[in-house]
Amino acid sequence: MSEQPIVVRPSSYVERLSMQELFPRVQPLEVELGAGDGSFLIDWARSNPTHNLIGVERLLGRLKKIEKKARRAGLTNVRGVRLEIAYFTEYLLPAESVSAFHIYFPDPWPKLRHRHHRLINEPFTEVLRGALKPSGAVYLRTDDLDYFAQMRTVFGANAAFAEIETPEALARVTTDFERDFNSKGIPTNRAAYQLVR
């Protein structure tokens with residue numbers, strides 16, 4: 001029997017993904033948008049074997065690292081998708097399919113004239129709302145205080161979400177960027193929002 005692929009290419013870029021085709025077991029789905037080298041994704045998947053996890057990344061090299069780590073750890077609950085994050089979230093995820101989104105250290109686009117490129121904005125909170133299961137959650141982390149303020153503002157303005165605490169067990173699992181920033185004395189800013197509909 002051949003191994004199931006870790007890095008998957010959607011059979012269609014205009015139809016919703018079938019989770020039954022992606023994973024050997026149907027179980028709650030969590031999605032990391034911007035998975036980097038997979039440090040968080042792999043650690044979280046290892047400690048949550050009863051959840052399926054998808055890491056979305058544009059860079060193939062990073063997805064190859066995720067694949068290597070997942071194979072080495074013997075994980076069957078991890079998949080990687082190479083695609084632009086906003087498109088993947090809005091057009092490929094089935095409605096009400098995701099238990100949790102993890103968005104850690106997205107590009108802050110710090111220059112004023114570039115801020116329209118930021119992933120977390122008012123329209124994107126609605127995209128996330130559509131993909132989340134009832135009571136699903138969005139977990140956010142950033143080192144950039146201005147972007148953190150924007151994240152809190154746009155989620156705070158969306159009545160479908162209520163702010164919650166990041167669970168301790170989740171906060172302990174860090175990303176490669178996070179460890180690097182923290183080692184330089186740069187703290188992690190965390191926020192979490194639950195869909196209350």
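FYI, the numbering just counts along the sequence from 1.
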*Please tell me if the side chains of Q4 and T76 come closer than 4.5 Å, counting only heavy atoms from C-beta onward.*
no

*Side-chain touch R16/L92, heavy atoms, less than 4.5 angstrom*: no

_Measuring from atom CG of N52 to atom OG of S99, what distance do you get when rounded to the nearest 0.5 angstrom?_
9.5 Å

*asked:* Using ring centroids (six-membered ring only for Trp), state whether F101 and Y139 fall under 6.0 Å.
replied: no

*Quick one: pull up CD in E126 and CD in E90 and give me the separation to the nearest 0.5 Å.*
10.5 Å

*Atom CZ of R46 and atom CG of L75: how far apart are they, to the nearest 0.5 Å?*
6.0 Å

*Residue pair P10 / R82, side-chain heavy-atom distance below 4.5 Å*: no

*According to a 4.5 Å side-chain heavy-atom criterion applied to Ile, Leu, Val, Met, Phe, Trp and Tyr, with indirect links allowed, do V78 and L29 form part of one hydrophobic cluster?*
no

*Check E57 against A35 and note the closest heavy-atom contact, atom names and distance.*
OE2-N, 3.4 Å

*Once you round to the nearest 0.5 Å, how far does CZ of R152 lie from CZ of F155?*
12.0 Å

_Applying side chain to side chain contact (heavy atoms under 4.5 Å, CB included) to N77 and Q27, what does each step give before you reach the verdict?_
CA-CA 9 Å; N77 63 332; Q27 44 192 25; 4.0 Å; yes

*Straight-line distance of L41 CG to R62 CZ, nearest 0.5 Å*: 13.5 Å

*Compare all side-chain heavy atoms of L140 with those of Y193 and state whether any distance is below 4.5 angstrom.*
yes

_Please say yes or no: joined through hydrophobic side-chain contacts below 4.5 Å, possibly via intermediate residues, are M151 and L132 part of one cluster?_
yes

*asked:* Between E96 and K133 (salt bridge meaning N to carboxylate O under 4.0 Å), is one present in this structure?
replied: no

*Is it true that I54 and Y104 fall in one hydrophobic cluster, defined by side-chain heavy atoms closer than 4.5 Å?*
no

_For the residue pair E30 / H51, report whether a side-chain donor-acceptor contact shorter than 3.5 Å exists._
yes

*R25 atom CZ: more than 12 heavy-atom contacts under 6.0 Å*: no

_Shared hydrophobic cluster for L93 and Y13 (ILVMFWY, side-chain gaps under 4.5 Å)_ = yes

*May I ask you to decide if the ring planes of H102 and W44 are parallel, tilted or perpendicular, using 30° and 60° as cut-offs?*
perpendicular

*Take atom CD in E163; do more than 12 heavy atoms of anything else shown fall under 6.0 Å from it?*
yes

_Could you check whether any side-chain N or O of Q150 sits under 3.5 Å from a backbone N or O of I120, counting only pairs where one atom can act as donor and the other as acceptor?_
yes

*Any side-chain heavy-atom pair of V81 and V8 under 4.5 Å*: yes

_Taking every non-hydrogen atom, the tightest pair across L63 and G55_ = CD2-O, 4.1 Å

_If you count heavy atoms of other groups shown closer than 6.0 angstrom to CZ of F181, is the number above 12?_
yes

*How far apart are the C-alpha atoms of V26 and Q20, what are their side-chain angles, what is the distance that settles it, and do they pass the side chain to side chain contact (heavy atoms under 4.5 Å, CB included) test?*
CA-CA 6 Å; V26 176; Q20 291 80 6; 4.0 Å; yes

*E122 and N158: side chain donor to acceptor below 3.5 Å*: no

Please tabulate, for the side chains in residues 164-176, all donor-acceptor contacts under 3.5 angstrom to protein atoms that are two or more places apart in sequence or on a different chain.
{"from": "T174", "atom 1": "OG1", "to": "R179", "atom 2": "NH1", "distance (Å)": "3.0"}
{"from": "T175", "atom 1": "OG1", "to": "F177", "atom 2": "N", "distance (Å)": "3.3"}
{"from": "T175", "atom 1": "OG1", "to": "E178", "atom 2": "N", "distance (Å)": "2.9"}

*Chi angles and distances behind the salt bridge (charged side-chain N to carboxylate O under 4.0 Å, His left out) call for D37, K64*: CA-CA 9 Å; D37 73 349; K64 292 291 184 189; over 6 Å; no

_For the student: nearest non-hydrogen atoms of I66 and I42, plus distance_ = O-CD1, 3.8 Å

*Any idea which heavy atoms bring A160 and R129 closest together, and the distance?*
CB-CD, 3.2 Å

*asked:* I want to check a possible cation-pi pair here: R141 against F105, using under 6.0 Å from ring centre and within 45° of the ring axis as the test.
replied: no

*Please walk me through it: do L83 and R9 pass side chain to side chain contact (heavy atoms under 4.5 Å, CB included)?*
CA-CA 9 Å; L83 207 59; R9 177 176 288 174; over 6 Å; no

*asked:* Quick check on the hydrophobic clustering: are Y87 and V98 connected, directly or via other members, by side-chain heavy-atom contacts under 4.5 Å?
replied: yes

_T89 side chain to I85 backbone, donor-acceptor under 3.5 Å_ = yes

*Heavy-atom pair with the smallest gap, counting every atom of L195 and P134*: CD2-CA, 4.3 Å

*V154 side chain near F124 side chain, heavy-atom distance below 4.5 Å*: no

*Measure the shortest side-chain to side-chain distance between L17 and L22 over non-hydrogen atoms and say whether it is less than 4.5 angstrom.*
yes

*With side chain to side chain contact (heavy atoms under 4.5 Å, CB included) as the test, would you mind laying out the steps for V127 and T125 before giving the verdict?*
CA-CA 5 Å; V127 171; T125 66; over 6 Å; no

*Could you give me the CA-CA distance, side-chain angles and deciding distance for T142 and N189, then say whether side-chain hydrogen bond (donor to acceptor under 3.5 Å, both in side chains) is met?*
CA-CA 5 Å; T142 182; N189 301 291; 5.8 Å; no

_For the student: nearest non-hydrogen atoms of S135 and Q194, plus distance_ = O-NE2, 3.0 Å

*Among T188, N182, I186, find the residue that satisfies the side-chain contact (heavy atoms from CB on, under 4.5 Å) test when tested with D143.*
I186

*So do D107 and L119 actually touch side chain to side chain, heavy atoms under 4.5 Å?*
no

*More than 12 non-hydrogen atoms from neighbouring residues, nucleotides or ligands closer than 6.0 Å to NZ on K69, yes or no?*
yes

